[in-house]
Undergrad: 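I have a structure I would like to understand better, so I am pasting it below and will then ask my questions one at a time.
When reading the values below, keep in mind they use all heavy atoms of this one structure, side chains included, and skip hydrogens, waters and symmetry mates.
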Amino acid sequence: MEYQVSERLRKVQLVELDLIKKFKAICEKHHLKYYAFGGTCLGTVRHQGFIPWDDDVDIAMEWPDYQKFLQIGPSECEYPYYFQSYLTEECADILHVRMRRTDTTGISEWEYQNIKDPNHNMGIWIDIMPLFNVPPADMKELREAQKEKIFKLWQAIKGYYAVTCMQYGYPPFPKYIPFISDYEEMSRQYTITQMKNMYLSACVWEGESDEIGETAFKTYVEKFIYKREWFEKVIFLPFEDTTLACPEQYDKILTRQYGDWRTPVMNSAFHVMKYADADTPYPEFLKRLKEGERQIPSA
């Protein structure tokens with residue numbers, strides 16, 4: 001399949017490539033293990049770089065390494081790099097860490113709808129997501145109890161985003177309005193940071209298991225649950241002008257996620273960024289946007 005990458009999209013990808021290299025340097029310095037994941041793993045294997053129409057980068061880390069990364073990341077990211085997590089910004093999403101470039105603009109649809117805090121960094125980013133041990137499949141009652149606990153906290157956190165929108169004078173995302181009461185009830189005892197800590201703690205399974213999954217993102221959705229053995233060994237494969245660590249058994253993971261991953265398909269997920277500008281710092285871009293330039297393309 002031929003696809004002509006626009007100049008704007010290529011600039012975004014090159015910023016993301018720079019962020020990948022910064023991330024890799026941090027991991028090498030602190031001996032952290034990571035995996036190219038999702039579309040980034042697919043692009044590495046199939047295209048030796050970005051999927052041509054993709055403006056997203058996904059990296060995964062197992063929970064112990066992810067915890068370390070949460071702590072060391074802020075001190076390792078000096079301007080123009082920025083380490084964004086729920087520990088550095090109350091409005092940051094709980095599902096991942098984002099490394100961003102402050103001298104650029106990258107605004108997701110979700111951020112555009114839900115994040116109105118003017119201090120929220122909205123530079124072009126890469127996502128780093130946690131992977132957790134998953135209780136064995138035959139422990140169905142335990143899985144259901146964990147799922148229920150995670151979802152209850154998820155509702156309260158989404159209610160918080162609705163409340164903050166109203167505090168800044170914007171209408172909240174309609175889907176989250178019913179969860180405002182969940183947040184208000186829980187906020188009598190906990191701060192939003194504590195709730196997010198509790199959320200990630202609820203995703204943790206300390207017992208032995210032969211499965212690993214994205215339980216912080218999609219609780220027990222089959223295609224996001226994997227055999228632990230698939231991640232035991234990594235191989236470094238070419239990605240643009242560098243390399244990325246991929247699970248050696250990437251074929252099994254990609255097949256679980258995409259089915260026939262060898263055949264390129266431009267699906268609805270491409271262009272994650274609602275607004276992207278590799279040449280303009282996000283405060284300047286947001287000022288222009290507020291003044292009426294609302295039809296700026298993402299790529």
Undergrad: Under 3.5 Å, side chain of Ser108 to main-chain N/O of Val272, donor-acceptor pair present?
TA: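 Here the side-chain-to-backbone pair does not exist.
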Undergrad: Angle between ring planes, Tyr176 versus Phe173, binned at 30° and 60°: parallel, tilted or perpendicular?
TA: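 Aromatic pair Tyr176/Phe173 classed perpendicular.
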Undergrad: Are Thr191 and Glu90 close enough that some pair of their side-chain heavy atoms sits under 4.5 Å apart?
TA: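 No, too far: nothing below the 4.5 Å cut-off.
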Undergrad: For Glu111, which of Lys274, Met273, Arg98 qualifies under side-chain contact (heavy atoms from CB on, under 4.5 Å)?
TA: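 Result for side-chain contact (heavy atoms from CB on, under 4.5 Å) with Glu111: Arg98.
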Undergrad: Judged by modelled atom types alone, do Tyr86 and Asn197 share a side-chain donor-acceptor pair under 3.5 Å?
TA: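 Asn197 and Tyr86 do have a side-chain donor-acceptor pair below 3.5 Å.
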Undergrad: Short question: side chain of Gln48, backbone of Val45 - any donor-acceptor pair under 3.5 Å?
TA: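 A pair under 3.5 Å: yes.
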Undergrad: Hey, are the side chains of Leu87 and Thr193 touching, using non-hydrogen atoms and a 4.5 Å cut-off?
TA: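 Contact flag for Leu87/Thr193 side chains = yes.
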Undergrad: Mark yes when over 12 heavy atoms from residues, nucleotides or ligands other than Lys140 sit less than 6.0 Å from its NZ; otherwise mark no.
TA: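 Counting other residues, nucleotides and ligands, NZ of Lys140 stays at 12 neighbours or fewer.
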Undergrad: Please determine whether ring-ring contact (aromatic ring centres under 6.0 Å, His included) holds for the pair Trp230 and Tyr35, giving the CA-CA distance in whole Å, both sets of side-chain angles, and the decisive distance to 0.1 Å.
TA: CA-CA 11 Å; Trp230 298 349; Tyr35 313 97; over 10 Å; no
Undergrad: I want to check something: taking the side chain as every heavy atom from C-beta on, are Thr215 and Tyr220 in contact at a cut-off of under 4.5 Å?
TA: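 With C-beta onward as the side chain, the pair touches.
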Undergrad: Can you find a heavy atom in the side chain of Tyr160 that is under 4.5 Å from one in the side chain of Ser187?
TA: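 Not in contact.
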Undergrad: With Phe50, which residues qualify under ring-ring contact (aromatic ring centres under 6.0 Å, His included), at least two apart?
TA: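 Result, ring-ring contact (aromatic ring centres under 6.0 Å, His included) vs Phe50: Phe239.
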Undergrad: Without swapping roles, check the side chain of Tyr258 against the backbone of Gly39 for a donor-acceptor pair under 3.5 Å.
TA: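 Between the backbone of Gly39 and the side chain of Tyr258 there is a qualifying donor-acceptor contact (under 3.5 Å).
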Undergrad: Considering only NZ, NE, NH1 and NH2 on the basic side and carboxylate oxygens on the acidic side, decide whether Asp279 and Arg8 come within less than 4.0 Å.
TA: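 No, no charged N to carboxylate O under 4.0 Å.
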Undergrad: Quick one, Phe23 and Glu28 - any side-chain contact, counting heavy atoms below 4.5 Å?
TA: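 No, every pair of side-chain atoms sits at 4.5 Å or beyond.
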Undergrad: Looking only at atom types and distance, does a side-chain atom of Thr280 sit under 3.5 Å from a main-chain N or O of Asp277, one as donor and one as acceptor?
TA: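 Side chain of Thr280 to backbone of Asp277, a donor-acceptor pair under 3.5 Å: no, none is there.
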Undergrad: Could you give me the CA-CA distance, side-chain angles and deciding distance for Tyr170 and Gln113, then say whether side-chain hydrogen bond (donor to acceptor under 3.5 Å, both in side chains) is met?
TA: CA-CA 9 Å; Tyr170 294 88; Gln113 291 177 327; over 6 Å; no
Undergrad: Please answer whether the main-chain N or O of Tyr112 pairs with a side-chain N or O of Lys116 as donor and acceptor at a distance below 3.5 Å.
TA: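 Confirmed, Lys116 side chain pairs with Tyr112 backbone.
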Undergrad: Is it true that a side-chain atom of Thr88 and a backbone atom of Ser85 form a donor plus acceptor pair closer than 3.5 Å?
TA: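 Flag set: sc Thr88 to bb Ser85 pair under 3.5 Å.
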Undergrad: Using side-chain heavy atoms (C-beta onward) and a distance below 4.5 Å, is Lys24 in contact with Thr242?
TA: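 Of all side-chain heavy-atom pairs linking Thr242 with Lys24, at least one is under 4.5 Å.
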Undergrad: Is the positively charged end of Lys218 above the ring of Phe224, judged by distance under 6.0 angstrom from the centroid and angle within 45° of the axis?
TA: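 Verdict for Phe224: no cation-pi partner in Lys218.
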Undergrad: Can a donor-acceptor pair be found between the side chains of Gln146 and Arg143 at a distance below 3.5 Å?
TA: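 No donor-acceptor contact under 3.5 Å links the two side chains.
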Undergrad: Could you walk me through whether Thr164 and Asp117 satisfy the side-chain hydrogen bond (donor to acceptor under 3.5 Å, both in side chains) test, starting with their C-alpha distance in whole Å, then the side-chain angles of each, then the deciding distance to 0.1 Å, before giving a yes or no?
TA: CA-CA 8 Å; Thr164 56; Asp117 184 347; over 6 Å; no
Undergrad: Ignoring hydrogens and angles, state whether a donor on the side chain of Asp127 or Trp125 is under 3.5 Å from an acceptor on the partner side chain.
TA: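 On atom types as modelled, these side chains qualify, holding a pair under 3.5 Å.
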Undergrad: Is there a donor-acceptor pair under 3.5 Å between the side chain of Thr255 and the backbone N or O of Asp251?
TA: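 Yes, the answer is positive, given that a donor and an acceptor are paired below the 3.5 Å cut-off.
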Undergrad: Please check if the number of heavy atoms outside Glu185 that lie under 6.0 Å from its CD is greater than 12.
TA: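 Atom CD in Glu185 is not crowded, with 12 or fewer foreign heavy atoms closer than 6.0 Å.
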Undergrad: First locate atom NZ of Lys152, then atom CE of Met198, and finally report the distance between them rounded to the nearest 0.5 Å.
TA: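 CE of Met198 is found 8.5 Å from NZ of Lys152.
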Undergrad: Compare every heavy atom of Pro172 with every heavy atom of Ile177, then report the nearest pair and how far apart it is.
TA: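 The pair with the smallest heavy-atom distance is CG1-CG, 3.7 Å.
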Undergrad: Please check this pair: side chain of Thr104 against backbone of Ile124, looking for a donor-acceptor N/O pair closer than 3.5 Å.
TA: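 At least one qualifying donor-acceptor pair exists.
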Undergrad: Answer yes when Glu76 and Lys29 have at least one side-chain N-carboxylate O distance shorter than 4.0 Å, and no when they do not.
TA: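 Yes, charged N to carboxylate O under 4.0 Å.
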Undergrad: Quick one, Glu62 with Arg228, criterion salt bridge (charged side-chain N to carboxylate O under 4.0 Å, His left out). Give me CA distance, side-chain angles, the key distance, then yes/no.
TA: CA-CA 11 Å; Glu62 294 186 42; Arg228 168 169 287 285; 3.1 Å; yes
Undergrad: With a 4.5 Å heavy-atom cut-off, do Val204 and Trp63 have their side chains touching?
TA: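 Yes. Closest side-chain heavy atoms under 4.5 Å.
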Undergrad: Does the cation-pi check pass for Lys175 over Phe179, that is, NZ or CZ under 6.0 Å from the six-membered ring centre and within 45° of its axis?
TA: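 No.
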Undergrad: Less than 4.0 angstrom from a charged side-chain N to a carboxylate O is my criterion; do Arg10 and Glu240 meet it?
TA: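 A salt bridge links Arg10 with Glu240.
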Undergrad: Please check if the side chain of Tyr199 supplies one atom and the backbone of Ala216 the other of a donor-acceptor pair under 3.5 Å.
TA: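 Here the side-chain-to-backbone pair exists.
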Undergrad: Do Asp18 and Tyr81 get their side chains close enough for a donor-acceptor pair, meaning under 3.5 Å?
TA: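 Present: a donor and an acceptor within the cut-off.
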Undergrad: Please check if the side chain of Gln13 supplies one atom and the backbone of Asp54 the other of a donor-acceptor pair under 3.5 Å.
TA: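 Yes; judged by distance alone, with no hydrogens or angles, the pair exists.
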Undergrad: With a 4.5 Å cut-off on side-chain heavy atoms, are Tyr226 and Glu211 touching?
TA: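 Counting from C-beta outward, Glu211 and Tyr226 never come under 4.5 Å.
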